[in-house]
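Here's the structure we're looking at; comments come further down.
In what follows, every heavy atom counts, from backbone to side chain, and hydrogens, waters and symmetry copies are set aside. Keep in mind that this is a model prediction, so the values were computed, not measured. Convention: sequence-line order gives letters A, B, ...; per-chain numbering from 1.
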Protein chains: 2
Amino acid sequence: MAFLDFNHERFKPGFEITSTFVVTNNYRMKDTEITNLLHNANLRVTKSRKEVLQALSETGDQAISSNEIEQKLSEIDRITLYRILKAYEDAGLVHSIADGTGKKKYAMCSSNCSEGDHQDNHVHFYCRVCDTTSCLNVVIPTNLKFPTNYLVEEQQFVVSGICKDCHNQ
Amino acid sequence: MAFLDFNHERFKPGFEITSTFVVTNNYRMKDTEITNLLHNANLRVTKSRKEVLQALSETGDQAISSNEIEQKLSEIDRITLYRILKAYEDAGLVHSIADGTGKKKYAMCSSNCSEGDHQDNHVHFYCRVCDTTSCLNVVIPTNLKFPTNYLVEEQQFVVSGICKDCHNQ
DNA sequence: ACAAAGATGCAACTTTGTTGCGTAAGGGGG
DNA sequence: CCCCCTTACGCAACAAAGTTGCATCTTTGT
């Protein structure tokens, strides 16, 4: 856990991003992969749960809302979906983003998103043209000089504007 | 406007915060001040609008929800309040924060928050204990090395955890 | 003071999200 | 393979946030 004390220390996060920006794959997971993922997370394997993970893996780095998942799956119950997403978030399989649109967006955690004390420490981008939120493969460094008094548990860095696809038109 | 291109340039914002963390005043604005503020923003001066600005100025650096404002004012219509807040946001008098709670929080813009192309470029902190969101007097620098392709218009940096008051107990 | 422009207030509605509870299904033990 | 406990599902009902339309009232420039 990092500490904040803006009175005594400089707030100098010192971004030093080493990774370049690469769009993560829109990989359609195999059934066995999904089952293993659920097993490892101590979650029961059900039809709905597998479908939700499937849907999230297909969208890749693009974060989608509960409603969008519901439409992709058509058969799933709305309330069940909420509960599944909550379970996934608690388990660290999925992270949610408040992108300013008022709707929570969900995306699969990448492998570097550790369970338990899991932080979603990458930058998100919201495009106001195509109304999509995506995960950028750019990590908010955890070695920020956060001083005392404030206990920092999570950080969300959402950049909004126009994404590369919409901007090139 | 800054540009993003994670392929060619390092995402190296290079935080260099010069201001220290100081809680801004919970200053109760005078009636004439409020009137001037509205005039300068080309907004009509009405009872409700003055009261909303009053309420927001009283909370100071603490961002509050539409609902909280409604309760402080008791007489105001819920829908009118939404419209007032929208008008204030458009005019650059007020900025909103998506702190992850699902409710939009509002706070007055400080003087360095320029109108028009107004960015709310300071860090926000959400405390999960007292359930409050506050503006930190710490600015996200605008000289981030944002390269091409992505057009960056706004940035929101929300840090959450436990605030100094709740942590010292 | 008048008239146009704009703000207000009410109704009705949509969307998002939550809670409770009976039923169905998963999965470990025998 | 079946039983049974635990957990997930699905429905209803509800709560809260936010939007739209429209008639009425208020502000403000002339």
(request) May I ask you to test the His39(A)-Val45(A) pair for a side-chain heavy-atom distance under 4.5 Å? (result) yes

(request) Determine, for Glu68(A) against Lys72(A), whether the closest basic-nitrogen to carboxylate-oxygen distance falls under 4.0 angstrom. (result) no

(message) Please find the pair of heavy atoms, one from Glu33(B) and one from Lys30(B), that lie closest to each other, and give the distance.
(response) OE1-N, 2.9 Å

(message) Can you pull out the residues from residues 79-86 of chain A that lie within a 4.0 Å heavy-atom distance of DNA chain D?
(response) Ile79(A), Thr80(A), Arg83(A), Ile84(A)

(request) Please report the closest heavy-atom contact between Lys105(B) and Ala63(B), naming both atoms and the distance. (result) CB-CB, 3.7 Å

(request) Quick one: pull up CZ in Arg128(A) and OG1 in Thr133(A) and give me the separation to the nearest 0.5 Å. (result) 14.0 Å

(request) Measure from NZ on Lys103(B) to C1' on dT18(C) and round the result to the nearest Å. (result) 13 Å

(message) Just the rounded figure in Å: distance from C1' of dT16(C) to CG of Asp99(A).
(response) 14 Å

(message) For the residue pair Ser96(A) / Glu89(A), report whether a side-chain donor-acceptor contact shorter than 3.5 Å exists.
(response) yes

(message) Distance check needed: dT8(C) P versus Glu75(B) CD, whole Å only.
(response) 14 Å

(request) Please find the earliest and latest nucleotides of DNA chain D, in the 5' to 3' direction, that have an atom within less than 4.0 Å of any heavy atom of chain B. (result) dA17(D) to dT28(D)

(request) Calculate the interatomic distance between Lys50(B) atom NZ and dT8(C) atom C1'; express it in whole Å. (result) 16 Å

(message) Just by distance, no angles: are the side chains of Ser65(B) and Asn67(B) close enough, under 3.5 Å, to form a donor-acceptor pair?
(response) no

(request) Could you tell me which non-hydrogen atom of Cys127(B) sits nearest to which non-hydrogen atom of Cys163(B), and how far apart they are? (result) SG-N, 3.3 Å

(message) Need to verify one output field. Residue with the more 5' nearest nucleotide on DNA chain D, Ser48(A) or Lys47(B)?
(response) Ser48(A)

(message) Under the criterion side chain to side chain contact (heavy atoms under 4.5 Å, CB included), I'd like the reasoning laid out for Asp131(A) against Tyr126(A): C-alpha separation, chi angles, the key distance, then a yes or no.
(response) CA-CA 7 Å; Asp131(A) 188 41; Tyr126(A) 171 70; 2.5 Å; yes

(message) If I take atom CZ in residue Arg78(B) and atom P in nucleotide dA11(C), what distance separates them, rounded to the nearest angstrom?
(response) 12 Å

(request) Looking only at non-hydrogen atoms, find the nearest pair between Ile162(A) and His167(A) and report the distance. (result) CG2-N, 3.7 Å

(request) List in numerical order all residues of residues 64-73 of chain A for which some heavy atom is under 4.0 Å away from an atom belonging to DNA chain D. (result) none

(request) For Glu70(A) and Ile76(A), run side chain to side chain contact (heavy atoms under 4.5 Å, CB included): C-alpha distance rounded to whole Å, both residues' side-chain angles, the deciding distance at 0.1 Å, then the answer. (result) CA-CA 6 Å; Glu70(A) 200 184 336; Ile76(A) 201 167; 4.2 Å; yes

(request) Write down the distance between CG (Leu43(B)) and P (dA7(C)), rounded to a whole number of angstrom. (result) 7 Å

(message) Whole angstroms only, please: what is the CZ-P distance between Arg44(B) and dA5(C)?
(response) 10 Å

(request) Using a heavy-atom cut-off of under 4.0 Å over every strand shown, decide if Arg49(A) touches base, sugar-phosphate, or nothing. (result) sugar-phosphate

(message) Considering every strand and a 4.0 Å limit on heavy-atom distances, what is the contact class for Lys104(A): base, sugar-phosphate, or nothing?
(response) sugar-phosphate

